[in-house]
Amino acid sequence: MDDTTNFLELSALLTGLHDSLLNDPEDRVLNEPIAREYARRLRGTFPVGFPALLDAYKALATVDPKPPIDDALLDKLRAIQAFKDNEIVAKQIVNVWYFSQFNDETSNLIDGGFYERGAVWPLIRAHPIGFSTQLHGYWTHKPRRGKTTK
């Protein structure tokens with residue numbers, strides 16, 4: 001299994017975004033290049049911690065039969081020393097998928113590069129601030145009754 005797949009699985013395990021990262025084929029196609037970029041940025045920011053956390057996940061996930069990506073696997077991962085030593089990296093993986101930004105070890109904010117793809121927007125039923133797929137002036141019209149932003 002390649003590192004992108006491992007990173008997507010680790011990300012789904014940590015974020016709970018199983019459908020968009022693993023199960024939905026259309027979303028997965030969109031998220032694979034994003035995962036490669038997020039992994040590159042996280043690896044650059046956490047050159048020791050990121051590979052250690054990914055390796056800890058791989059050690060759990062590559063057994064036969066492959067375990068499901070669920071709370072039991074998350075509990076096993078959280079019990080490993082490599083996770084405890086690199087919990088900041090795990091938290092930043094969650095941040096980057098939800099907000100397309102994360103913090104380094106000194107709390108400097110780092111842009112993930114895919115702001116409009118942050119998982120937070122559909123959860124709060126809003127489009128990213130400053131980004132919309134609607135035509136200019138859409139805000140001058142009242143929303144249709146019963147319609148929500150996707």
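What's counted below: heavy atoms across the whole structure, side chains too, no hydrogens, waters or symmetry copies. Just so you know, these numbers come straight off a predicted model, no measurement behind them.
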Flag for Arg28-Asn23: side-chain donor and acceptor within less than 3.5 Å:
no

Testing the 3.5 Å rule here: is there a donor-acceptor pair between the side chains of Tyr38 and Ser100?
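Yes, because at least one side-chain N or O of Tyr38 sits under 3.5 Å from a partner of the opposite role on Ser100.
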
Note, Lys58 side chain near Asp55 side chain (heavy atom, < 4.5 Å):
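Heavy-atom side-chain distance check passes, below 4.5 Å.
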
Are the side chains of Val89 and Phe83 in contact, using a 4.5 Å heavy-atom criterion?
no

What is the distance from atom [atom1] of [X] to atom [atom2] of [Y], rounded to the nearest 0.5 Å?
| X | Y | atom1 | atom2 | result |
| --- | --- | --- | --- | --- |
| Leu22 | His18 | CG | NE2 | 6.5 Å |
| Arg43 | Phe7 | CZ | CZ | 8.5 Å |
| Phe102 | Leu42 | CZ | CG | 4.5 Å |
| Thr62 | Tyr57 | OG1 | OH | 9.0 Å |
| Ile88 | Thr45 | CD1 | OG1 | 10.5 Å |
| Leu10 | Thr5 | CG | OG1 | 12.5 Å |

Does the [X] side chain pair with the main chain of [Y], one donor and one acceptor, at a distance under 3.5 Å?
| X | Y | answer |
| --- | --- | --- |
| Asn86 | Ala82 | yes |
| Asn31 | Ile34 | no |
| Asp70 | Leu73 | yes |
| Tyr98 | Thr15 | yes |
| Asn6 | Asp2 | yes |
| Arg117 | Trp97 | no |
| Thr140 | Gly137 | yes |

Can you name the nearest heavy-atom pair linking [X] to [Y], along with the distance?
| X | Y | value |
| --- | --- | --- |
| Leu17 | Ala119 | CD1-CB, 3.6 Å |
| Ala35 | Leu8 | CB-CD2, 3.7 Å |
| Ile93 | Ser11 | CG2-OG, 3.6 Å |
| Asn103 | Ser107 | OD1-O, 3.6 Å |
| Asp27 | Ser20 | CB-O, 3.4 Å |
| Asn95 | Gln92 | ND2-OE1, 3.0 Å |

Is any side-chain N of the basic residue among Asp3 and Arg36 closer than 4.0 Å to the acidic one's carboxylate O?
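No.
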
Would you call Lys66 and Glu9 a salt bridge, taking side-chain N to carboxylate O under 4.0 Å as the test?
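A salt bridge is present here (some side-chain N lies under 4.0 Å from a carboxylate O).
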
Would one find more than 12 heavy atoms of other residues, nucleotides or ligands at under 6.0 Å from atom CD of Glu26?
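Counting neighbours around CD of Glu26, 12 or fewer heavy atoms of other residues, nucleotides or ligands fall under 6.0 Å, so no.
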
Assigning hydrophobic clusters by single linkage (Ile, Leu, Val, Met, Phe, Trp, Tyr; side-chain heavy-atom cutoff under 4.5 Å), is [X] placed with [Y]?
| X | Y | answer |
| --- | --- | --- |
| Leu21 | Leu123 | yes |
| Tyr115 | Ile124 | yes |
| Val120 | Ile110 | yes |

Set out, in order, the CA-CA distance, both residues' side-chain angles and the distance that settles side-chain contact (heavy atoms from CB on, under 4.5 Å) for Glu105 and Phe46, then state yes or no.
CA-CA 8 Å; Glu105 292 176 294; Phe46 303 101; 3.5 Å; yes

Before you tell me yes or no, could you show the steps for Arg78 and Asp75 under salt bridge (Lys or Arg N to Asp or Glu O under 4.0 Å), namely the whole-Å CA-CA distance, both residues' side-chain angles and the distance that decides it to 0.1 Å?
CA-CA 5 Å; Arg78 294 181 76 192; Asp75 289 343; 5.3 Å; no

Please lay out, stage by stage, how Leu60 and Ile80 fare under the test side-chain contact (heavy atoms from CB on, under 4.5 Å).
CA-CA 10 Å; Leu60 292 175; Ile80 294 174; 3.5 Å; yes

